Structures are given as structure tokens and as C-alpha cells.
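First the structure, in the form of C-alpha cells, and then the observations on it.
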Amino acid sequence: MIGTIRYVNSIGEEIVFGEGFWHYGKTDIFDTSCAHRSIGGRITGFERDIREMSLTVELAGPEEERRRLADVTSYDVRTGRPGTLWANGCSMSCWIPGAALSDWYQLEDRLTAELTVVSDDPVWVRSASVTLTARTDLEYGGLDYPHDYPHDYKSSAANSMAIVNPFRLPAKCDIYIPGPCRDPYVIIAGNRYQVRTEVQEGQLLVIRGYGDREIVVRHSDGTERNAFAERVTDDDARPFAEIPVGRHTASWSGSYNVEVVMYEERTSPW
């Protein structure tokens with residue numbers, strides 16, 4: 001059972017359904033739907049279309065919560081930036097552009113709202129993160145995976161570690177490397193992820209391989225410098241390569257930390 005559903009807007013404001021004043025009821029956000037392509041009566045592939053869903057929520061609390069619901073959900077609609085729906089450790093990018101209200105006129109502390117949820121990428125996303133540190137130890141987290149992968153990996157060299165993609169398919173990934181460092185790299189499963197740039201103290205190199213692909217250096221004030229042109233590309237150096245399923249060797253210089261976040265797209269959050 002999924003006890004809570006959480007909506008977080010694009011500036012981090014959130015509202016939780018299933019605890020406190022808010023509860024949720026009938027919904028189809030966990031249903032699955034995928035359009036298919038065909039040629040000559042044969043299915044050639046599948047694709048996801050924009051999907052409109054509904055989520056019924058109920059308020060048993062003060063009137064301020066009604067305003068908070070409107071504030072949190074309407075901000076993204078006004079700015080055009082999506083928020084995120086969270087359930088069971090998985091997330092979906094979406095907007096909540098509408099709400100059909102009832103029961104609000106009978107009691108001041110009661111409200112039922114049938115929320116309209118719209119997504120142009122209607123998949124649930126689960127992530128697993130691995131951190132490689134200069135001390136050659138590895139911290140594994142971000143996923144409660146049902147299969148029993150060991151977390152006490154042993155290093156085979158000074159700056160090499162085992163890294164596991166625990167998902168069923170090759171995983172797109174984001175890579176984060178904090179400064180100070182110059183021309184930082186990490187090699188995973190034989191592929192080199194490297195950017196020939198200088199990352200100063202307090203800055204962060206970000207290689208975004210999931211979603212909109214980009215490479216930036218993020219400054220301490222939150223601004224970003226485009227470093228896409230400084231990426232290293234070769235037969236064995238693909239900056240946005242997916243990480244194969246299973247256990248692999250990851251190596252790097254050892255003088256800086258590297259965080260790798262892998263993503264799995266699912267039809268449901270279970």
C-alpha cells in the first residue's frame with residue numbers, strides 16, 4: 001500500500017496527501033498506459049503520449065490549507081515549470097492545472113478536490129546513487145532494491161571501486177564532481193566520462209545524462225557555466241553513455257569525489 005503521495009513544486013514547496021490535514025482517495029495516477037506504433041499490421045514500438053490523470057484529495061483542517069493547495073500547485077502552471085509527484089520512492093514530472101471542488105460550502109474545515117494531473121513524460125522514475133570518495137571507500141544509497149546486492153565492496157586498486165547498476169535495463173546517469181579539480185574523469189564499465197575544464201573550490205561539475213543532456217559547471221551562487229564543448233568524446237569516451245546492468249569497475253584519479261546517480265523509468269511506482 002502507498003500511504004502518502006507528495007507533490008513538490010518547482011521551487012521546493014510541497015504538500016503531502018495521506019498525512020496531517022490531507023488525505024487522498026480515488027486516483028488513476030498508478031494506472032499504466034502506452035501507445036503503440038505499427039507498420040503493416042505489426043507492432044514496431046511503443047511511445048508515451050501526454051497523459052491527463054486525476055487525484056481525489058480531501059481536507060480536514062483549517063482554511064489556510066485550501067490556500068496552500070492553490071499556492072503550491074498554481075505556481076508551476078503560472079511559470080510553465082513542472083513540479084514532481086512522489087510515491088513509494090518514485091517520482092513523476094507533472095503539473096496540477098485544475099481542481100474540481102466540492103463540500104467546501106458545507107463546513108469550513110472540509111474540502112474535497114478532484115485534482116487534474118498532467119504529464120508530458122508520464123513515467124515513474126526511481127534512482128540509485130553511488131559515491132566514490134578520495135579515501136577509496138564507497139557509499140551506496142538511494143534505492144531499496146529487493147534483490148540482495150552486497151554493499152561492502154572491496155577495492156581492487158587504489159582508485160578503483162565496484163559499482164552496481166541494480167536495475168533490469170542499462171541506466172541513464174547523472175555524474176557530479178566537486179572542485180577543486182582539473183580535467184576530471186571517471187571510467188565506468190570501460191567508458192570514460194571526462195570534461196577538460198577546471199572546477200574550482202566551491203564549484204560542481206554536472207554531467208546530466210538523464211532528461212535534457214547537458215554539461216555545466218555550477219557556481220556557489222547557483223549560476224551555471226556551459227561546459228558542453230569541453231567534453232571528451234571517443235569510441236571509449238561517451239559522456240552520456242548508459243551504465244550496463246550489473247557489477248562493474250569504476251576508476252578515477254582519487255583526488256576528488258564522484259557521485260553517480262542512475263535512473264530507471266517504470267510504468268508504476270511499485
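What you are looking at is a predicted structure, and each value in this text was computed from that prediction instead of being measured. Side chains are part of it too, since the values below use all heavy atoms of this structure and drop only hydrogens, waters and symmetry mates.
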Does atom CZ of R67 have more than 12 heavy-atom neighbours, drawn from other residues, nucleotides or ligands, at distances under 6.0 Å? yes

Any V57 side-chain heavy atom under 4.5 Å of L111 side chain: no

Membership question, hydrophobic clusters at under 4.5 Å side-chain separation (ILVMFWY): are W270 and I5 in the same one? yes

Salt bridge or not between E224 and R218? Use side-chain N to carboxylate O under 4.0 Å. yes

Grab the two heavy atoms, one from P166 and one from A128, that are nearest each other, plus how far apart they are. CG-CB, 4.1 Å

Trace of the side chain to side chain contact (heavy atoms under 4.5 Å, CB included) decision for I207 with R231: CA-CA 9 Å; I207 302 175; R231 70 195 187 283; over 6 Å; no

Hey, does Y263 have a side-chain heavy atom less than 4.5 Å from the side chain of D174? yes

Looking at every non-hydrogen atom in both residues, tell me the closest pair between S54 and E114 and how far apart they are. CB-OE2, 3.8 Å

Answer yes or no: does atom CZ of R182 have more than 12 heavy-atom neighbours from other residues, nucleotides or ligands under 6.0 Å? no

Please round to the nearest 0.5 Å and tell me the distance separating atom CD1 of I163 and atom SG of C173. 8.0 Å

Can a donor-acceptor pair be found, under 3.5 Å and without considering hydrogens, that links the side chain of Y256 to the backbone of Y185? yes

What orientation do F228 and F240 show, parallel under 30°, tilted 30 to 60°, or perpendicular over 60°? parallel

Output yes when a side-chain donor or acceptor of R51 lies under 3.5 Å from a complementary backbone atom of V117, and no otherwise. no

Distance col, row M53:CE vs T116:OG1, nearest 0.5 angstrom, shows 10.0 Å

Measure the CZ-CD1 distance between R192 and I187 for me, rounded to the nearest 0.5 Å. 4.0 Å

Can you tell me if D76 uses its side chain to pair, donor with acceptor, with the backbone of W95 under 3.5 Å? no

Under 4.5 Å between any side-chain heavy atoms of N257 and Y176, yes or no? no

Applying side chain to side chain contact (heavy atoms under 4.5 Å, CB included) to C34 and T267, what does each step give before you reach the verdict? CA-CA 9 Å; C34 194; T267 57; over 6 Å; no

Tell me if a side-chain donor or acceptor on R37 pairs with a main-chain N or O of F46 at a distance below 3.5 Å. yes

Which heavy atom of E13 sits nearest to which heavy atom of V72, and what is that distance? O-CG1, 3.8 Å

Side-chain touch T197/R225, heavy atoms, less than 4.5 angstrom: yes

Side chains of V260 and S129 in contact at under 4.5 Å (non-hydrogen atoms): no

Please report the interatomic distance CD1(I243) to CG(N165), rounded to the nearest 0.5 Å. 6.5 Å

Which heavy atom of N226 sits nearest to which heavy atom of I215, and what is that distance? OD1-O, 3.5 Å

Using side chain to side chain contact (heavy atoms under 4.5 Å, CB included), reason through Q200 and V217 one step at a time and then give a plain yes or no. CA-CA 9 Å; Q200 299 179 354; V217 174; over 6 Å; no

Indicate yes or no for a side-chain donor-acceptor contact from Q194 to the backbone of D183 under 3.5 Å, with no hydrogens or angles considered. yes

Do the side chains of R48 and D121 get close enough for a salt bridge, i.e. N-O under 4.0 angstrom? yes

May I ask you to decide if M262's main-chain N or O and S127's side chain share a donor-acceptor pair within less than 3.5 Å? no

Side chains of Y210 and V125 in contact at under 4.5 Å (non-hydrogen atoms): yes

Closest approach of F167 and A171, non-hydrogen atoms and distance? CD1-CB, 4.2 Å

Under 30°, 30 to 60°, or over 60°: which ring-plane class applies to F17 and W22, parallel, tilted or perpendicular? perpendicular

What one should report as the nearest heavy-atom pair of P170 and V245 is N-CG2, 3.6 Å

Are L101 and Y24 joined in one hydrophobic group, where the rule is that I, L, V, M, F, W and Y side chains link up if heavy atoms are under 4.5 Å apart? yes

Take L59 and L69 through the side chain to side chain contact (heavy atoms under 4.5 Å, CB included) test and state the conclusion after the steps. CA-CA 10 Å; L59 168 67; L69 174 66; over 6 Å; no

Rounded to the nearest 0.5 Å, what's the gap from CZ on F21 to CD on E64? Could you check? 8.5 Å

Would you mind telling me which of V261, V258, V206, V195 makes a side-chain contact (heavy atoms from CB on, under 4.5 Å) with I175? V258

With sequence neighbours excluded, what pairs up with T223 under the side-chain hydrogen bond (donor to acceptor under 3.5 Å, both in side chains) test? D221

Basic-acidic side-chain contact under 4.0 Å: R66, E63: no

Rounded distance [0.5 Å steps], CD in E242 versus CG in N191: 11.0 Å

Contact check, side chains of F30 and I2, non-hydrogen atoms, under 4.5 Å: yes

